[in-house]
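Just so it is clear, the model here is predicted, and its values are computed rather than measured.
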Amino acid sequence: MAVGPTGPGGGTPPGVPQDPYAPARTRGYLKLLLIAAVIGVPVCAVSFGFLALVHELEPLIMQALPRALGFAGTPWWWPVPMLVVAGLLVGLTVRHLPGHGGHEPADGLALSGAPALSALPGIVLAALASLSFGAVLGPEAPLIALGGGLSAGAARLVGRGLPERAVAAVGAAGSFAAVSALLGSPLLGAFLLMEVAAPVGPMLGALLLPGLLASGIGALIFTGLGDWTGLGTYSLALHDIPKASGPTLSEFGWALVIGLAAACFGGGVRRLSLLLKERVGRHRVPMTVAMGLVVGALAAGFALATGKPATEMLYSGQSALGSLFRDSAGYSVGALLLLVVCKGLAYCASLSAFRGGPIFPALFLGAAGGVILSHLPGLSLTAGFAMGVGALGVAMLRLPMTSVLLATLLMGSNGLTVMPLVIVAVVVAHVAALRLTPATAPATPAPAPSAG
């Protein structure tokens, strides 16, 4: 066997330090970057189309359809039959189509490799039925699967002979591109996927550079298509945020309270959703219909009790975050508490049976909790809002750095002012959530991600 500078069989000789950036200096890596950039353009266009379709279907189902059937407006009970129909569609899709409708949101947000092309129709159909009809989930998980699956499939066609590891890297880059503009910042989208993937050591930069490139290109494509079509970019953003004053001692005390409360609330949501998920898995179609009935009944009850539209409780809460902040004075504390209870229970039911992502409902529920606590002495609205977003985000996602960035970047120029408070709330929530979670046996190391 020949022994060269890289050791027997191409490995590094014992005692010689590995160069973690060696792959990035090769011609093949430049080819990988080019493929990721080229594939990212059509993938972003498809992802934009998916988001646009979801946002167009929502008012058609909840507003135009009841009027077409002769109602003067949307009846308070309308979500009940719509969510039952959604449960039937999702249950049949998960049971009968390849790919089981994609990632189970009750398991959190995870990257397990790009799905096969044959699984994408089922993933898209299950997500459309869930998100458009009002399930309390976000679009990020199906976008990650859609971007990854399309990119990996295209890489196999365009770059014939590419090793599977390179195909998996292109698939990850497609996921970056698809979700790049959704969170309001391409850097935040890239950071989210980096923390979810959790690669270790200095290889991080070399392995994920294609993803960062695709994320930037994705943001450009989303912005360009949003301007060209007039549909907007569907990104997470708040406007007209009141200027925040510097953190006070009482607000640091509130950071501890909010962190602990978020850990308890998030732990309850996780446990209940996983418990329901076990039962849904045994009887997929009827139990998914039942979970749709639960979500619809909660929305109808909220509308009947508060006089507000049921849509304020349904959906991911992404577009409602801004109105919650601006119109918080229009909510009584009782109405906000009912909103948190109803949406929290609907979130559990949606996580257990429907298809979508767990991020945006967690952000909305955390924000609503912060708004409620801001009615008490010593806590401003802006600080309570930001700390609630970060603390419940980390309690549900277990991604502390991403949760801090989400909460602070969401607040715009006020983000730096409230960041110390957010960091304290996130750290307390993360540690408390881990302490409240029973220890599990070490998992067997998973094989390298596959695009197949």
Side-chain angles (χ1 to χ4, degrees), residues 50-97 101-102 105-106 122-139 141-142 234 273 276-277 280 283-320 323 338-339 341-358 360-361 364-365:
F50 171 80
L51 286 175
L53 182 57
V54 169
H55 282 261
E56 290 297 314
L57 285 174
E58 288 175 3
L60 284 176
I61 293 168
M62 287 297 172
Q63 297 172 22
L65 182 56
R67 288 191 177 93
L69 293 175
F71 296 101
T74 303
W76 62 267
W77 49 263
W78 185 256
V80 177
M82 293 300 98
L83 267 300
V84 167
V85 171
L88 180 61
L89 294 174
V90 173
L92 292 173
T93 300
V94 171
R95 183 173 179 180
H96 294 294
L97 290 185
I123 291 173
V124 171
L125 288 175
L128 282 176
S130 299
L131 304 178
S132 303
F133 280 81
V136 183
L137 294 170
Y234 310 113
S273 62
L276 291 173
K277 175 194 162 190
V280 170
H283 307 283
R284 172 60 62 181
V285 177
M287 284 301 295
T288 306
V289 171
M291 291 300 103
L293 178 61
V294 168
V295 176
L298 286 166
F302 171 79
L304 195 60
T306 63
K308 295 182 178 293
T311 51
E312 294 197 13
M313 196 225 79
L314 294 172
Y315 303 114
S316 68
Q318 174 191 353
S319 58
S323 59
L338 186 61
L339 175 63
V341 171
C342 290
K343 196 174 184 77
L345 291 173
Y347 186 27
C348 293
S350 299
L351 286 169
S352 70
F354 288 90
R355 291 296 185 262
F360 292 110
F364 182 90
L365 286 166

Pair L293-L83, side-chain contact (heavy atoms from CB on, under 4.5 Å): steps then yes or no = CA-CA 6 Å; L293 178 61; L83 267 300; over 6 Å; no

Using every non-hydrogen atom in the two residues, find where [X] and [Y] come nearest and quote the distance to one decimal.
X: P66; Y: P75; answer: CB-CD, 4.0 Å
X: A346; Y: M313; answer: CB-CE, 3.6 Å
X: C348; Y: S273; answer: O-CB, 3.7 Å
X: G87; Y: T288; answer: O-CG2, 3.2 Å
X: L338; Y: A305; answer: CD2-CB, 3.7 Å
X: L298; Y: C342; answer: CD1-O, 3.7 Å

F364 six-ring centre to K343 NZ/CZ under 6.0 Å and within 45° of normal =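 Yes.
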
Test item: [X] and [Y] side chains (from C-beta on) under 4.5 Å apart, heavy atoms:
X: P286; Y: H283; result: yes
X: P105; Y: F354; result: no
X: F50; Y: H55; result: no
X: V54; Y: P139; result: no

Looking at [atom1] of [X] and [atom2] of [Y], how far apart are the two atoms once the value is rounded to the nearest 0.5 Å?
X: Q63; Y: T74; atom1: CD; atom2: OG1; result: 5.5 Å
X: L65; Y: L57; atom1: CG; atom2: CG; result: 11.0 Å
X: M291; Y: K277; atom1: CE; atom2: NZ; result: 14.5 Å
X: L314; Y: F302; atom1: CG; atom2: CZ; result: 9.5 Å
X: E56; Y: L51; atom1: CD; atom2: CG; result: 11.5 Å

Treating [X] as the side-chain partner and [Y] as the backbone partner, does any N or O pair qualify as donor plus acceptor under 3.5 Å?
X: T93; Y: G101; answer: no
X: W78; Y: I61; answer: yes
X: Y347; Y: P358; answer: yes

Over 12 non-hydrogen atoms of neighbours within 6.0 angstrom of NE2 in H96 =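 It does: H96 NE2 has more than 12 such atoms within range.
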
Output a table of donor-acceptor pairs, distance under 3.5 Å, between side-chain atoms of residues 125-138 and any protein atom two or more places apart or on a different chain; print 'none' if there are none.
residue: S130; atom: OG; partner: A126; partner atom: O; Å: 2.8
residue: S130; atom: OG; partner: R355; partner atom: N; Å: 3.0
residue: S130; atom: OG; partner: R355; partner atom: O; Å: 3.3
residue: S132; atom: OG; partner: L128; partner atom: O; Å: 2.9

